[in-house]
Amino acid sequence: TAPTLEWLPGEGTAVLEPVVTVSGTVADEHAGVTSVTVQGEPVEVADDGTFGAEVSLDPGVNEVTVTATDAVGNEVSQTREVVHVPLTAEWETPGQGRARPVHLYLTDPDSNPVQVEAVVLQLLQDGEVQHEFPMAYEDGRYRRVVMGVPPGTFQLRAVLTIDGAEALVDGPELRTR
C-alpha cells in the first residue's frame, strides 16, 4: 500500500505572500518512506515523518503537489490549489481605553485600496481565538471598535474571504483595559 500523507496548506487556501510553507507528515507501516517531493523537488523527511518546504507562488491560482514513495515503489501524490492574492495588509490600533479602534488597510501592488468579500477580526490568546468580530469597510479601510472584552493582551488576526478562499493575516498585539 502507498504511504499515508497529510499536509498543509489545505485546498483553496489563500495567501498574501508570494511564498507558502508546505509542511506535513508521511508514514508507511510496511515498507518505509524513501522519498517525498514538493513540486517535484526532493525534501528532507525527519525521523518522525515530518517534512517542510517553501514554494514560490504566482498571482492567482497555483497547483501545489506533494508526492511520497515507499521502499517498494508505492506512491501517493496529492495536488491542491493555493491562491496567491498579491495584497499588502497594514494595521493601525490608535488610542487607548475601553473602546479600541482597529483599522486594517488592504492595498494592491499599485497601493490602491482593496475591498474583499469579508473580513473577520480575531483576538487570540495563547494561539486560541477568544473573540471574533466582523469588520466594516469604510473610507478605504476595514474598521472595528473593540469593546466589551475582558482586560488583557490579545494577538490580532484577520480572516479575509477572497473569491471564496480564506487568507489569515497576523496583526499586532492589542491591550484592552
Side-chain angles (χ1 to χ4, degrees), residues 6-25 38-39 43 46 48 50-64 66 78 80-177:
E6 294 182 21
W7 58 284
L8 294 172
E11 175 69 25
T13 297
V15 296
L16 305 188
E17 300 80 20
V19 174
V20 68
T21 299
V22 174
S23 62
T25 58
V38 176
Q39 299 300 81
V43 297
D48 63 359
T50 58
F51 64 90
E54 300 287 312
V55 174
S56 295
L57 302 172
D58 293 323
V61 177
N62 294 260
E63 289 190 345
V64 177
V66 177
Q78 298 174 355
R80 297 183 182 158
E81 289 186 349
V82 177
V83 182
H84 168 43
V85 183
L87 299 178
T88 299
E90 189 174 319
W91 294 83
E92 280 184 357
T93 56
Q96 296 180 359
R98 294 178 191 257
R100 294 294 311 270
V102 175
H103 303 156
L104 177 61
Y105 297 86
L106 299 175
T107 54
D108 67 15
D110 295 322
S111 299
N112 297 311
V114 173
Q115 187 173 0
V116 297
E117 291 168 39
V119 176
V120 174
L121 176 65
Q122 295 181 331
L123 279 63
L124 295 90
Q125 285 181 323
D126 299 321
E128 298 291 323
V129 176
Q130 302 298 315
H131 307 278
E132 289 188 314
F133 306 99
M135 295 186 81
Y137 187 79
E138 56 186 52
D139 300 325
R141 68 182 180 202
Y142 285 89
R143 183 172 193 277
R144 178 68 194 209
V145 176
V146 175
M147 299 185 310
V149 298
T153 301
F154 298 92
Q155 184 68 41
L156 298 181
R157 181 169 67 192
V159 181
L160 312 180
T161 303
I162 306 166
D163 296 330
E166 287 190 347
L168 301 179
V169 178
D170 292 326
E173 281 189 350
L174 180 75
R175 287 187 173 85
T176 59
R177 295 181 181 186

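In this text, all values refer to a predicted model and were calculated from it rather than measured experimentally.
Within the 4.5 Å cutoff, the side chain of Leu160 has heavy atoms near those of the Leu104 side chain. The shortest distance between side-chain heavy atoms of Arg144 and Pro101 does not fall below 4.5 Å. For the pair Leu123 and Leu156, the minimum side-chain heavy-atom distance is below 4.5 Å. Counting heavy atoms from C-beta outward, Val82 and Val61 have side chains that stay 4.5 Å or more apart. Counting heavy atoms from C-beta outward, Pro9 and Val64 have side chains that stay 4.5 Å or more apart. Contact annotation: the side chain of Val169 approaches that of Leu16 to within less than 4.5 Å [non-hydrogen atoms, C-beta and beyond]. Residues Pro172 and Thr93 have side chains in contact (heavy-atom distance under 4.5 Å, counting atoms from C-beta outward). In this structure, Pro18 and His84 have side chains that are in contact, with non-hydrogen atoms separated by less than 4.5 Å.
The line from OG1 of Thr88 to CG of Asp110 is 10.5 Å long, rounded to the nearest 0.5 Å. Distance check, rounded to the nearest 0.5 Å: OG1 of Thr13 to CG of Leu8 gives 7.5 Å. Atom OH of Tyr142 sits about 6.0 Å away from atom CG of Leu106, to the nearest 0.5 Å. Atoms CG and OG1, on Leu87 and Thr107 in that order, are 7.0 Å from each other to the nearest 0.5 Å. Asp170 contributes atom CG, which lies 8.0 Å from atom CG of Leu124 (distance to the nearest 0.5 angstrom).
Val15 and Leu57 make their closest contact through CG2-CD1, 3.4 Å (heavy atoms, listed as atom of the first residue, atom of the second, distance). Taking each heavy atom of Val19 and Glu54 in turn, the nearest pair found is CG1-OE1, 3.1 Å. Taking all atoms of both residues into account, the shortest heavy-atom contact from Pro151 to Arg177 is CG-C, 3.7 Å. Between Trp91 and Leu121, the closest heavy-atom pair is CZ3-CD1, 3.8 Å. Residue Thr176 comes nearest to Pro150 through the heavy atom pair OG1-O, 2.9 Å, listed as atom of the first residue, atom of the second, then distance. Closest non-hydrogen pair, His103 versus Pro94, comes out as CE1-CG, 3.9 Å.
Annotation for Gln130: atom CD counts as buried by contact number, over 12 foreign heavy atoms lying within 6.0 Å. In Asp163, the CG atom is not crowded: 12 or fewer heavy atoms of neighbouring residues, nucleotides or ligands sit closer than 6.0 Å. Around the CD atom of Glu90, the shell of radius 6.0 Å holds no more than 12 heavy atoms that belong to other residues, nucleotides or ligands.
Ring-plane geometry between Phe133 and His131 is classed as parallel, the angle between the planes falling under 30 degrees on a 0 to 90 degree scale with a further cut at 60.
Not a single salt bridge (charged side-chain N to carboxylate O under 4.0 Å, His left out) links Glu63 to another residue, sequence neighbours left out. Qualifying side chain to side chain donor-acceptor pair (under 3.5 Å) partners for Arg157, counting only residues two or more places apart in sequence or in other chains: Gln122. Applying the salt bridge (charged side-chain N to carboxylate O under 4.0 Å, His left out) criterion to Arg175, with sequence neighbours excluded, gives Glu173.
A distance-only check finds no donor-acceptor pair linking the side chain of Asn112 to the backbone of Asp108 [under 3.5 Å]. Judged by distance alone, with hydrogens and angles left aside, the side-chain atoms of Asp48 form a donor-acceptor pair with the main-chain N or O of Thr50 at under 3.5 Å.
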Note to self: The test is side chain to side chain contact (heavy atoms under 4.5 Å, CB included); show your working for Val119 and Tyr137 and say whether it passes.
What the structure shows: CA-CA 9 Å; Val119 176; Tyr137 187 79; over 6 Å; no
Note to self: side chain to side chain contact (heavy atoms under 4.5 Å, CB included) for Gln78 and Trp7? Distances and angles first, verdict last.
What the structure shows: CA-CA 9 Å; Gln78 298 174 355; Trp7 58 284; 2.6 Å; yes
Next item on the list: Go through the steps for Val102 and Arg143 under the test side chain to side chain contact (heavy atoms under 4.5 Å, CB included), then give the verdict.
Entry: CA-CA 6 Å; Val102 175; Arg143 183 172 193 277; over 6 Å; no
Checklist line | Worked check of side chain to side chain contact (heavy atoms under 4.5 Å, CB included) between Val159 and Leu168 | finding: CA-CA 5 Å; Val159 181; Leu168 301 179; 3.6 Å; yes
